[in-house]
Number of protein chains: 2
Amino acid sequence: MSGINLKKLSQELGLSISSVSKALRDSYEISAETKKRVLAMAEKLNYQPNPFARGLRKNKSTTIAVVIPEIANNFFALAIDGIQLVAQKKGYHVLTYLTHEDFQNEESTIKHLQGGRVDGVLISLCGDTASVKHLIDLHQTGVPIVFFDRVPETMECPTVTTDDYESGFKATEHLILAGCKKIAYLCVSGFLSTTQKRMMGYEAALEKYKIVFDPKMVIQCSNDNIANVALLRKLLARKNRPDGIFASVEKLAISTYYASNEIKLKIPQQLKVISFSNLRTASLLSPSLSTITQPAFEIGKESAELLFRMIEKKTFGNRIDRVVLKSSLIERNSSVKK
Amino acid sequence: MSGINLKKLSQELGLSISSVSKALRDSYEISAETKKRVLAMAEKLNYQPNPFARGLRKNKSTTIAVVIPEIANNFFALAIDGIQLVAQKKGYHVLTYLTHEDFQNEESTIKHLQGGRVDGVLISLCGDTASVKHLIDLHQTGVPIVFFDRVPETMECPTVTTDDYESGFKATEHLILAGCKKIAYLCVSGFLSTTQKRMMGYEAALEKYKIVFDPKMVIQCSNDNIANVALLRKLLARKNRPDGIFASVEKLAISTYYASNEIKLKIPQQLKVISFSNLRTASLLSPSLSTITQPAFEIGKESAELLFRMIEKKTFGNRIDRVVLKSSLIERNSSVKK
DNA sequence: TAGTATTACGAAAACGTTTTCGTTTTTTTT
DNA sequence: AAAAAAAACGAAAACGTTTTCGTAATACTA
């Protein structure tokens with residue numbers, strides 16, 4: 001359809017296909033003047049090499065895949081930004097897939113990647129990923145994989161994460177020092193590595209300050225915002241309600257705000273809140289939201305750089321990189337001691 | 001690398017390559033029992049067809065490209081969500097490209113798409129796109145293109161947009177009715193169709209209420225948030241400062257909030273604000289932000305559906321669809337009359 | 001000057017599919 | 001029972017590259 005290929009170019013130039021091809025890749029076998037002619041004609045006819053023919057021949061796609069749970073999420077949007085930056089610099093194309101936190105989706109997506117469509121995969125697991133067999137299979141076909149943020153527990157693999165345990169600890173400690181006695185931990189899925197580690201930090205902080213851990217204060221939320229608001233409203237209307245909320249994902253903090261508004265619960269007077277979040281508007285909220293902010297852009301950037309290192313020198317197998325970046329705790333009014 | 005292809009499959013089965021291929025595509029030339037055997041073996045060996053070989057042979061990629069200015073932006077993130085939904089349903093893959101509002105990027109991205117890498121393109125133009133020659137070239141190679149939100153003025157082409165003129169009018173009228181006498185219009189680029197139309201609505205509303213249009217109240221901002229805050233701080237500190245702000249993009253509203261905070265200007269008492277925005281936290285801001293909210297998800301969905309209609313029946317050329325969706329004005333405290 | 005490098009190019013195979021066109025065997029029709 | 005039709009499969013070309021190898025013509029070496 002595009003019409004213009006090596007054959008037409010070579011006819012136009014009175015050269016063979018192979019010579020034209022070599023001229024375009026600047027081969028030493030072709031004289032300087034011929035190269036000039038070829039380049040000029042290629043430019044004139046606006047020749048673009050067919051990526052499928054090239055991919056087939058070279059067994060290379062110059063494409064990577066990014067598999068994430070959702071895109072309408074500041075963390076992942078920023079991470080993609082970082083990924084795209086380095087991919088673009090390398091001349092790579094980026095395929096994006098959304099799992100919508102559904103394991104079936106993740107599985108079939110990964111399976112489709114088996115055919116050689118991509119040279120590498122960046123993935124953040126979905127909430128209910130129980131098995132990682134699909135990923136092991138993919139890895140065994142020779143496709144390098146880098147996990148970021150949500151990584152598997154049961155697989156030796158390259159990862160880029162943040163200091164989730166420490167962040168969980170600090171966030172909880174922060175609430176305790178602000179006067180909270182009964183802190184709820186909000187999460188979306190118990191399977192996730194992030195959820196687990198943040199919760200371990202949460203538990204450790206409770207222990208340090210001699211607060212007994214109450215399993216009922218671990219609130220499993222869903223991906224349905226409306227349902228989450230309803231759930232939280234119930235939680236916060238109870239007699240025995242928590243006086244502090246530690247949200248392990250941004251949207252749960254927002255739902256907490258909505259729920260509190262609905263039942264006229266004052267933040268931070270009656271309820272203190274801190275949350276993992278990359279909201280640009282955190283400081284503009286009413287009240288401004290205290291956050292643990294992950295370096296989302298850098299996570300994307302680091303992951304992509306790690307992946308390209310694996311793609312370029314095929315030295316993976318003998319070494320496994322695990323990068324850990326630091327999140328920062330930003331105190332604002334939602335958790336202020338009064 | 002992946003290893004398992006039709007040749008190996010056929011050897012394993014004692015069949016010819018062509019028969020295996022036909023069996024897998026459920027051809028009438030192959031007997032039912034042979035098909036069963038082939039399917040079973042393919043499943044067992046986890047066969048995945050090579051997308052490059054298939055793409056080369058069929059001259060089809062089952063891939064579309066999405067070209068947008070930025071991803072860390074609620075509008076575009078939601079639009080991508082809608083696009084992915086329908087692409088996934090169709091079994092298509094989605095390549096994402098970010099132009100970062102840079103025309104050079106947009107141009108080279110589109111050029112690279114010329115080789116047949118994708119079956120169709122969804123694009124929202126970047127702010128300084130002066131010429132659309134690159135897009136006309138691409139279109140002439142037979143690649144269907146659908147423009148969404150930011151569309152070209154000088155090209156007959158399929159588009160999905162919102163009622164920008166009306167929205168601009170209503171937003172401005174809303175500020176006027178709330179008591180504003182001097183309304184500034186904030187935009188990122190004068191070239192954009194959206195900017196233009198929203199501004200025409202703005203001017204029309206001013207005229208209706210006999211307010212003279214002041215060109216100095218049209219504020220050209222950049223993509224640098226920090227610079228924008230500084231610019232707005234200056235604007236709002238002037239003696240002759242505006243008493244109303246109409247932001248044509250979300251981030252400018254946020255910058256307005258930052259600037260106002262810095263110079264202790266009270267919203268909505270001293271300054272009323274309304275903005276195009278898809279912020280989930282609009283109602284939680286201090287004060288809650290009045291918005292024109294575009295149906296971003298639906299825009300993405302409609303665009304993709306339109307594109308696939310064009311890809312599937314190649315009836316483009318004889319008809320050009322232009323879909324217009326409605327935005328909604330949501331009044332909140334940032335523009336309340338007091 | 002004969003032999004050897006070097007330079008500049010072309011022919012052809014290969015990548016893994018799909019598809020067209022045989023070809024053989026079986027079934028149906030007359 | 002002979003001819004025609006149908007069923008089930010295989011051989012091979014084609015898609016557009018890249019790359020290996022071969023081969024002229026020219027330049028250099030002894």
Side-chain angles (χ1 to χ4, degrees), chain A residues 1-39 41-42 45-63 112-119 141-142, chain B residues 1-39 41-42 45-63 112-119 141-142:
Chain A
M1 184 67 84
S2 163
I4 173 73
N5 53 21
L6 279 187
K7 193 199 279 190
K8 294 212 181 124
L9 252 187
S10 63
Q11 284 170 350
E12 209 70 29
L13 287 157
L15 287 171
S16 75
I17 292 180
S18 45
S19 295
V20 176
S21 173
K22 285 184 241 181
L24 290 172
R25 354 231 94 266
D26 199 28
S27 161
Y28 69 97
E29 295 183 77
I30 305 297
S31 73
E33 46 187 340
T34 303
K35 280 180 190 168
K36 287 241 166 86
R37 278 182 58 220
V38 172
L39 264 307
M41 184 62 76
L45 300 188
N46 196 14
Y47 166 74
Q48 290 290 336
N50 183 303
F52 294 101
R54 177 180 289 187
L56 179 58
R57 178 59 228 249
K58 310 231 306 181
N59 198 29
K60 199 141 190 330
S61 62
T62 59
T63 304
H112 281 298
L113 259 28
Q114 211 106 271
R117 189 178 294 271
V118 294
D119 297 341
T141 70
Chain B
M1 187 64 87
S2 162
I4 173 74
N5 54 18
L6 279 187
K7 193 198 279 189
K8 294 213 181 123
L9 252 187
S10 64
Q11 285 171 349
E12 209 72 28
L13 287 157
L15 286 171
S16 77
I17 292 180
S18 46
S19 296
V20 175
S21 173
K22 285 184 245 185
L24 290 172
R25 358 228 94 265
D26 199 27
S27 161
Y28 69 97
E29 294 182 78
I30 305 297
S31 72
E33 46 187 341
T34 304
K35 281 180 190 168
K36 287 242 167 85
R37 276 182 57 218
V38 172
L39 264 307
M41 185 62 78
L45 300 188
N46 196 17
Y47 167 74
Q48 290 292 336
N50 182 303
F52 294 101
R54 177 180 288 185
L56 179 58
R57 177 61 228 251
K58 311 234 305 181
N59 199 29
K60 203 150 188 323
S61 62
T62 59
T63 304
H112 280 299
L113 259 28
Q114 211 106 269
R117 191 179 293 272
V118 294
D119 297 341
T141 69

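Computed from a predicted model, the values in this text were never measured in an experiment. Numbered from 1 within each chain, the chains take letters A, B, ... in sequence-line order. Atom set for the values below is all heavy atoms of this structure, side chains included, hydrogens, waters and symmetry mates excluded.
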Task: Any Y47(A) side-chain nitrogen or oxygen under 4.0 Å from OP1 or OP2 of dG16(D) - done: no

Open item on the list: Expressed as a whole number of angstroms, how long is the span from R54(B):CZ to dG16(D):P?
Closed with: 18 Å

TODO: Would you mind reading off the distance between N50(A) atom CG and dT17(C) atom C1', rounded to a whole angstrom?
DONE: 13 Å

Task: Nearest-Å distance for atom pair CD/P, residues Q11(A) and dG10(C) - done: 13 Å

Open item on the list: Restricting to side-chain hydrogen bond (donor to acceptor under 3.5 Å, both in side chains), what partner residues turn up for R117(A), sequence neighbours left out?
Closed with: H93(B)

Open item on the list: Rounded to whole Å, how long is the line connecting atom CG of N5(B) with atom P of dT17(C)?
Closed with: 5 Å

Open item on the list: Which residues pass the ring-ring contact (aromatic ring centres under 6.0 Å, His included) test with Y47(B), not counting sequence neighbours?
Closed with: none

TODO: Using the test salt bridge (charged side-chain N to carboxylate O under 4.0 Å, His left out), find all partners of K60(B) that sit at least two apart in sequence or belong to another chain.
DONE: D119(B)

Open item on the list: Looking at dT30(C), which nucleotide sits across from it as a Watson-Crick or G-U wobble partner, both distances under 3.5 angstrom, or is there none?
Closed with: dA1(D)

Task: Between P of dC15(C) and NZ of K58(A), the distance in whole Å - done: 16 Å

Task: Counterpart residues, salt bridge (charged side-chain N to carboxylate O under 4.0 Å, His left out), relative to E29(B) (two or more places apart) - done: K22(B)

TODO: Could you tell me the separation between the CG atom of N59(B) and the P atom of dG16(D), rounded to a whole number of Å?
DONE: 7 Å

Open item on the list: Going by side-chain hydrogen bond (donor to acceptor under 3.5 Å, both in side chains), name the residues that satisfy it together with T34(A), two or more places apart in sequence or in a different chain.
Closed with: S31(A)

- [ ] Treat primed atoms plus P, OP1 and OP2 as sugar-phosphate and everything else as base, then score nucleotides 4-14 of chain D 5' to 3': B for base contact with protein heavy atoms under 4.0 Å, S for sugar-phosphate contact only, - for none.
- [x] ----BBBBBBB

Open item on the list: How many whole angstroms separate atom CG of L6(B) from atom C1' of dT19(C)?
Closed with: 13 Å

- [ ] Please examine the side chains of L45(B) and K8(B), heavy atoms only from C-beta on, and report whether any two atoms are closer than 4.5 Å.
- [x] no

TODO: Would you mind reading off the distance between K60(B) atom NZ and dT19(C) atom P, rounded to a whole angstrom?
DONE: 12 Å

